[in-house]
Participant: 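Have a look at this one.
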There are 2 protein chains.
Amino acid sequence: MEIDNIESVFGEVLQEMRKKRKMSQEKLALQSNLDRTYISMLERGARKPTITTVFKLAQVLGIKPSQLIEKVEEILFEKEIAEN
Amino acid sequence: MEIDNIESVFGEVLQEMRKKRKMSQEKLALQSNLDRTYISMLERGARKPTITTVFKLAQVLGIKPSQLIEKVEEILFEKEIAEN
DNA sequence: ATGTAGACTGTTGTCGACA
DNA sequence: CTGTCGACAACAGTCTACA
């Protein structure tokens with residue numbers, strides 16, 4: 001089945017982490033040195049970030065990149081189970 | 001100083017993990033559904049993978065993507081310390 | 001404050017060939 | 001088995017503008 005909507009899951013996680021910090025997309029974009037519209041696309045799963053983008057975002061969110069990825073794994077794993 | 005040779009560090013880690021498994025670039029490429037020449041470029045730090053590429057590689061290497069990223073963080077952190 | 005659109009630049013990732 | 005090269009298609013990431 002291969003799923004491969006990693007980008008959607010990443011978007012969910014990113015939005016959750018951002019909101020938890022009561023930060024706007026605009027501010028996140030500014031601080032991470034990325035474009036506001038791009039953050040929007042990321043959260044909606046319309047783009048897959050490169051590894052360097054993940055590092056930038058994690059830094060601004062104050063977590064380790066690996067923790068961000070780990071969150072994605074967890075959700076992805078739940079969804080795979082729900083699939084059989 | 002901003003460093004930003006995340007791709008070089010990722011390359012180091014990828015190569016280390018691959019060799020530890022006594023796997024050729026060719027086999028890694030085949031199993032991860034990526035191009036052999038691209039694996040070569042990744043290991044030499046000439047390309048930055050997207051998040052989905054990281055997931056593919058980690059799966060073939062038999063580790064969690066977050067663990068792969070964590071290794072990168074560690075080495076990156078050592079290098080930042082060595083810099084002041 | 002966010003979503004979307006279109007046009008754009010640069011880079012990822014593919015492929016064939018040769019050392 | 002790996003590095004590199006050149007050509008290429010596909011997609012990441014920017015920017016302006018409008019709802």
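Order of the sequence lines fixes the chain letters, A, B, ..., with proteins taken first and strands second; residue numbering starts at 1 for each chain. Any value given below was found using the heavy atoms of this structure, including those in side chains, with hydrogens, waters and symmetry copies removed.
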Participant: Counting any heavy atom closer than 4.0 Å, what does Ile39(B) reach on the DNA or RNA strands: base, sugar-phosphate only, or nothing?
Facilitator: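 Answer is nothing: Ile39(B) stays at 4.0 Å or more from every strand.
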
Participant: Assess whether a salt bridge exists between Glu12(B) and Lys71(B), defined as any Lys/Arg side-chain N lying under 4.0 Å from an Asp/Glu carboxylate O.
Facilitator: no

Participant: Under 3.5 Å, is there a donor-acceptor pair between the side chain of Glu73(A) and the main chain of Ser66(B)?
Facilitator: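 Checked: pair present.
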
Participant: Among side-chain atoms of Thr37(A) and Ser40(A), is any donor-acceptor pair under 3.5 angstrom?
Facilitator: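 No - no donor-acceptor pair under 3.5 Å links their side chains.
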
Participant: To the nearest angstrom, how far is Leu30(A) atom CG from dA1(C) atom P?
Facilitator: 11 Å

Participant: Specify the separation, in whole Å, of atom CG of Leu57(B) and atom C1' of dT12(C).
Facilitator: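 Answer to the nearest Å: 13 Å.
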
Participant: Does any N or O in the side chain of Gln67(A) come within less than 3.5 Å of the main-chain N or O of Lys64(A), such that one atom is a donor and the other an acceptor?
Facilitator: yes

Participant: Using atom CG of Asp35(B) as one end and atom P of dA17(C) as the other, report the distance to the nearest whole Å.
Facilitator: 13 Å

Participant: Considering Watson-Crick and G-U wobble pairs with both distances under 3.5 Å, what does dC1(D) pair with?
Facilitator: none

Participant: Between which nucleotides of DNA chain D, read 5' to 3', does contact with chain A run, using atoms under 4.0 Å from its heavy atoms?
Facilitator: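 From 5' to 3', the first and last contacting nucleotides are dA12(D) to dA17(D).
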
Participant: Considering every strand and a 4.0 Å limit on heavy-atom distances, what is the contact class for Ser40(A): base, sugar-phosphate, or nothing?
Facilitator: base

Participant: For dG3(C), take OP1 and OP2 only and decide whether either is under 4.0 Å from a side-chain N or O of Gln25(A).
Facilitator: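 Answer yes for this pair, as a side-chain N or O of Gln25(A) is under 4.0 Å from OP1 or OP2.
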
Participant: Please determine if a side-chain N or O atom of Arg47(B) lies less than 4.0 Å away from the OP1 or OP2 oxygen of dG10(C).
Facilitator: no

Participant: Please tell me which of Met41(B) and Glu26(B) maps to the more 5' nucleotide of DNA chain D, matching each residue to the nucleotide holding its nearest heavy atom.
Facilitator: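 So the residue in question is Glu26(B).
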
Participant: Which residue, Arg36(B) or Leu42(B), contacts DNA chain C at a nucleotide closer to its 5' end, judged by nearest heavy atom?
Facilitator: Leu42(B)

Participant: By the 4.0 Å heavy-atom rule, please label Thr37(A) as base, sugar-phosphate, or nothing.
Facilitator: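 If one applies the 4.0 Å heavy-atom cut-off, Thr37(A) turns out to touch a base.
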
Participant: List the atom of Pro49(A), the atom of Leu42(A), and the distance in Å for their closest heavy-atom pair.
Facilitator: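 Heavy atoms of Pro49(A) and Leu42(A) come nearest at CD-CD2, 3.8 Å.
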
Participant: Which pairs, with at least one residue in residues 25-40 of chain A and sequence neighbours excluded, count as a salt bridge (Lys or Arg N to Asp or Glu O under 4.0 Å)?
Facilitator: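 The answer is none; no pair qualifies.
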
Participant: Could you go through the side-chain contact (heavy atoms from CB on, under 4.5 Å) check for Met17(A) and Leu57(A) one step at a time?
Facilitator: CA-CA 10 Å; Met17(A) 302 301 285; Leu57(A) 291 169; over 6 Å; no

